[in-house]
Amino acid sequence: MSSKVRVRFAPSPTGGLHLGGVRTVLYNYLFARHHGGEFVLRIEDTDQSRYVPGAEEYIYETLEWCGLVPDESPLKGGPYGPYRQSERKPMYRPYAERLVAAGQAYYAFDTPEELDAMRSELRTDANPNPQYDGQVRARMRNSLSLPPDEVQRLLDAGTPHVVRIKMPPGETVTLTDMIRGDVSFDTSTVDDKVLLKADGMPTYHLAVVVDDHLMKITHAFRGEEWLPSAPVHILLWRYLFGEDAMPQWAHLPLILGPSGKLSKRDGARYGFPVFAANWTDPKSNELTEGFRERGFLPEAFVNLLALLGWNDGTDQELFSLEELVERFSIQKVHKGGAQFNFEKAQWFNHEWIKRSSPARLLPEVKALFQSKGWDTKDDAFLETVIGLVKERCTLLADFVPQAGFFFEQPSSYDSASFIAKWTPEKAAFFERLADTFGQEPDVADADREAAFKSAAEAAAIKPGELQLPLRVMLVGGKFGPPVFTIAGLLGGAETAARIRKALAAIG
RNA sequence: GCCGCGUUCGUCUAAGGGCUAGGACACCUCCCUUUCACGGAGGCGAUACGGGUUCGAAUCCCGUACGCGGUACCA
């Protein structure tokens with residue numbers, strides 16, 4: 001028996017990939033890589049009515065951005081393809097038939113209208129959601145309640161039908177979850193789930209079991225919302241391939257929003273992204289914002305997601321993907337849901353921008369500057385600028401206001417802080433300073449600072465009272481790196497020009 | 001309703017029977033800095049409740065409350 005770890009991420013292409021989804025991939029990926037195993041991407045598109053064009057491509061793009069590239073996928077192929085369930089359609093029916101033949105499943109001919117009628121008839125306050133269980137089964141139209149010749153007649157006539165699992169009465173099914181330990185279910189409380197739909201497509205229940213078996217999946221992680229249907233999957237494994245061959249399960253806790261389960265609405269309502277990357281619904285044209293476009297580094301996004309429901313037991317919070325792979329342990333994943341906090345998410349990004357080299361930041365920042373129409377030809381200059389302002393940037397977009405003055409002259413001046421103490425003497429000082437700087441285009445920062453100080457002394461003005469005005473003249477406001485560093489990068493001529501322009505504006 | 005899962009500072013979490021329950025985000029104070037940040041030092045702040053078991057419980061057991069999930073020919 002092979003001990004090679006194989007995990008899979010199986011999203012449905014219905015649009016976007018929210019935090020919970022990306023975290024599920026992440027944990028799959030980390031587990032696989034930690035154990036030197038394989039990571040498989042399988043697309044669950046058995047519900048064609050919910051399929052959204054472009055959603056599958058969006059998933060690939062998102063995974064690539066995060067650095068979570070699968071070993072096998074519909075794009076790349078692999079030994080267990082196809083990896084798109086719609087392309088595997090013919091593979092599922094034989095398993096359903098096998099279950100029927102063994103008496104573990106049955107044909108049901110009930111129309112949607114008949115099911116609706118049953119539910120509204122049986123619905124009471126004490127039972128708001130009637131199940132298709134042992135009792136109900138007997139009064140519906142299926143191969144267990146109908147006489148055999150009638151069943152055969154319906155089948156021969158091509159009557160639309162589904163295959164349902166026959167839940168055994170009064171059995172206890174136990175799942176050993178890697179995170180939660182033993183979880184038990186009474187089969188009497190689980191209804192006869194549909195396995196194969198009338199269109200011949202499998203439901204999720206049949207598809208996961210068959211595909212996980214055929215693709216030799218050894219460990220399966222999914223959201224906590226799947227826990228209630230675990231007994232169906234366990235029974236299917238027992239009937240079809242043997243419980244011993246079943247992957248080990250782990251049900252991940254949910255990611256919560258400020259009020260309950262995190263939803264797309266939360267993003268719009270509280271002003272933070274909930275998707276990894278921007279997603280525009282092709283039908284409604286509705287845009288849901290992504291972390292990428294909001295200015296997050298993928299390193300930070302992956303880091304914050306990993307820590308939302310897991311940690312290694314130490315105080316360390318900043319991890320690269322490589323470190324996460326090394327430290328990850330599924331047993332350390334929490335049981336309880338975690339509320340997403342955007343403030344903390346931004347802290348992670350700020351930390352990653354600070355610890356990233358200017359060279360690492362260059363592509364993203366360059367693209368940003370290009371979109372502003374700034375001159376981005378000189379990479380060395382850009383890297384210097386990035387190194388100077390990165391600790392002031394929480395989101396990538398912050399590089400625009402923080403570094404814009406290196407590319408454009410200020411269009412307004414935040415002079416409120418010094419205008420009250422402005423004097424003709426100070427104005428005269430700056431006139432002279434502009435002349436001096438203008439004549440010496442290239443001197444060292446320290447020399448320029450020394451020249452500034454001695455000029456101030458000569459004018460009998462405290463340098464401290466002149467430094468802030470100089471800063472505002474050069475950058476427009478009270479922010480930015482050391483002022484003489486800025487002057488040095490701008491050059492003597494440009495510095496002089498900015499002083500003169502500001503003087504004219506201030507008056 | 002029924003079934004299942006969960007519950008440590010406002011939030012993310014550490015501590016898996018034993019020191020004053022630790023760290024981070026946010027918030028507040030101070031220091032550094034003649035800008036904004038970075039950085040540094042402090043402060044505020046939690047074991048949902050009630051019973052057990054034990055010399056000793058955040059930790060183990062039972063109950064209650066609250067929260068969440070599921071209950072589709074959706075995943």
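For the numbers below, each heavy atom of this structure counts, side chains included, while hydrogens, waters and symmetry mates do not. In the text below, chain A, chain B and the rest are named by the order of the sequence lines, each starting its count at 1.
- Electrostatic pairing of Asp45(A) and Arg84(A) does not count as a salt bridge here, judged by no charged N lying under 4.0 Å from a carboxylate O.
- Within the nucleic acid shown, His334(A) comes within 4.0 Å of sugar-phosphate atoms alone, with no base atom in reach, counting heavy atoms only.
- U13(B) atom P lies 13 Å from atom NZ of Lys335(A), rounded to whole Å.
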Do any N or O atoms of the protein come closer than 3.5 Å to N or O atoms of nucleotides 21-24 of chain B, and which pairs are they?
{"residue": "A24(B)", "atom": "O4'", "partner": "Glu317(A)", "partner atom": "OE2", "Å": "2.9"}
{"residue": "A24(B)", "atom": "O2'", "partner": "Glu317(A)", "partner atom": "OE2", "Å": "2.6"}
{"residue": "A24(B)", "atom": "O2'", "partner": "Lys344(A)", "partner atom": "NZ", "Å": "2.9"}
{"residue": "A24(B)", "atom": "N3", "partner": "Lys344(A)", "partner atom": "NZ", "Å": "3.2"}

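- For the pair Leu227(A) CG and G69(B) C1', the interatomic distance rounds to 9 Å; values are reported in whole Å.
- Both Asp125(A) and Glu343(A) sit near RNA chain B, but only Asp125(A) has its closest nucleotide nearer the 5' end.
- In this structure, G4(B) forms a base pair with C68(B), meeting either the Watson-Crick or the G-U wobble geometry with both donor-acceptor distances under 3.5 Å.
- Rounded to the nearest Å, the gap between the C1' atom of A46(B) and that of A15(B) is 13 Å.
- One interatomic measurement links the two molecules: CG of Leu468(A) to P of U34(B), which rounds to 13 Å at whole-angstrom precision.
- Under a 4.0 Å N-O distance rule, the pair Glu457(A)/Lys453(A) does not qualify as a salt bridge.
- Counting atom types as modelled, Arg180(A) pairs no side-chain N or O with a base atom of C5(B) as donor and acceptor under 3.5 Å.
- Relative to the ring axis of Phe319(A), Arg327(A) does not place its NZ or CZ within 45° and under 6.0 Å from the centre.
- You'll find the ring centres of Tyr27(A) and Trp310(A) outside the 6.0 Å limit.
- In terms of phosphate contacts, Asn311(A) brings a side-chain nitrogen or oxygen within less than 4.0 Å of OP1 or OP2 of A14(B).
- With Phe437(A) as the aromatic partner, Arg448(A) meets the cation-pi criteria of under 6.0 angstrom to the ring centre and within 45 degrees of the ring axis.
- Base-pair partner of U54(B): not found among the strands shown (Watson-Crick or G-U wobble, both distances under 3.5 Å).
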Protein-nucleotides 72-75 of chain B N/O pairs under 3.5 Å:
{"residue": "C73(B)", "atom": "OP2", "partner": "Arg119(A)", "partner atom": "NH2", "Å": "3.4"}
{"residue": "C73(B)", "atom": "OP2", "partner": "Arg164(A)", "partner atom": "NH2", "Å": "3.3"}
{"residue": "C73(B)", "atom": "O2", "partner": "Ala198(A)", "partner atom": "N", "Å": "2.7"}
{"residue": "C73(B)", "atom": "N4", "partner": "Asp110(A)", "partner atom": "O", "Å": "3.0"}
{"residue": "C74(B)", "atom": "OP2", "partner": "Lys197(A)", "partner atom": "NZ", "Å": "3.1"}
{"residue": "C74(B)", "atom": "O2'", "partner": "Asp47(A)", "partner atom": "OD2", "Å": "3.4"}
{"residue": "C74(B)", "atom": "O2'", "partner": "Arg50(A)", "partner atom": "NE", "Å": "3.2"}
{"residue": "C74(B)", "atom": "O2'", "partner": "Arg50(A)", "partner atom": "NH2", "Å": "3.4"}
{"residue": "A75(B)", "atom": "OP1", "partner": "Thr46(A)", "partner atom": "OG1", "Å": "2.8"}
{"residue": "A75(B)", "atom": "OP1", "partner": "Lys197(A)", "partner atom": "NZ", "Å": "2.9"}
{"residue": "A75(B)", "atom": "OP2", "partner": "Tyr204(A)", "partner atom": "N", "Å": "3.4"}
{"residue": "A75(B)", "atom": "O3'", "partner": "Glu44(A)", "partner atom": "OE1", "Å": "2.3"}
{"residue": "A75(B)", "atom": "O2'", "partner": "Ser12(A)", "partner atom": "OG", "Å": "3.0"}

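- Across all strands shown, nothing is found opposite C73(B) as a Watson-Crick or G-U wobble partner with both distances under 3.5 Å.
- The aromatic ring centres of Phe429(A) and Phe452(A) sit less than 6.0 Å apart.
- Comparing the P positions of C9(B) and U47(B) gives an interatomic distance of 8 Å, to the nearest angstrom.
- Applying the Watson-Crick and G-U wobble criteria (two distances, each under 3.5 Å), C25(B) pairs with G10(B).
- Within the 4.0 angstrom heavy-atom criterion, no nucleotide atom of any strand lies near Pro253(A).
- Counting non-hydrogen atoms under 4.0 angstrom, Ser49(A) reaches nothing in the nucleic acid.
- Counting non-hydrogen atoms under 4.0 angstrom, Lys332(A) reaches the backbone sugars and phosphates but no base.
- Across all strands shown, U34(B) has no partner, as no Watson-Crick or G-U wobble contact with both distances under 3.5 Å is found.
- The base-pairing partner of G16(B), taking Watson-Crick or G-U wobble contacts with both distances under 3.5 Å, does not exist among the strands shown.
- Mapping Leu254(A) and Ser184(A) onto RNA chain B via the closest heavy atom, the residue that lands nearer the 5' end is Ser184(A).
- Note: CG (Leu307(A)) to C1' (A14(B)) measures 12 Å, nearest angstrom.
- Distance noted for atom P between G51(B) and A58(B): 14 Å (whole Å).
- Rounded to an integer number of Å, the gap from His251(A) NE2 to C5(B) P is 12 Å.
- One interatomic measurement links the two molecules: CG of Leu388(A) to P of C36(B), which rounds to 17 Å at whole-angstrom precision.
- If you measure from atom CG of Leu304(A) to atom P of U13(B), you get 12 Å, rounded to the nearest angstrom.
- Across all strands shown, the partner of C49(B) is G63(B), judged by Watson-Crick or G-U wobble contacts whose two distances both fall under 3.5 Å.
- Side chains of Asn127(A) and Thr124(A): a donor-acceptor N/O pair is absent below 3.5 angstrom, by distance only.
- Here Tyr270(A) and Phe342(A) keep their ring centres 6.0 angstrom or further from each other.
- Between G39(B) and Lys354(A), a contact under 4.0 Å exists linking OP1 or OP2 to a side-chain N or O.
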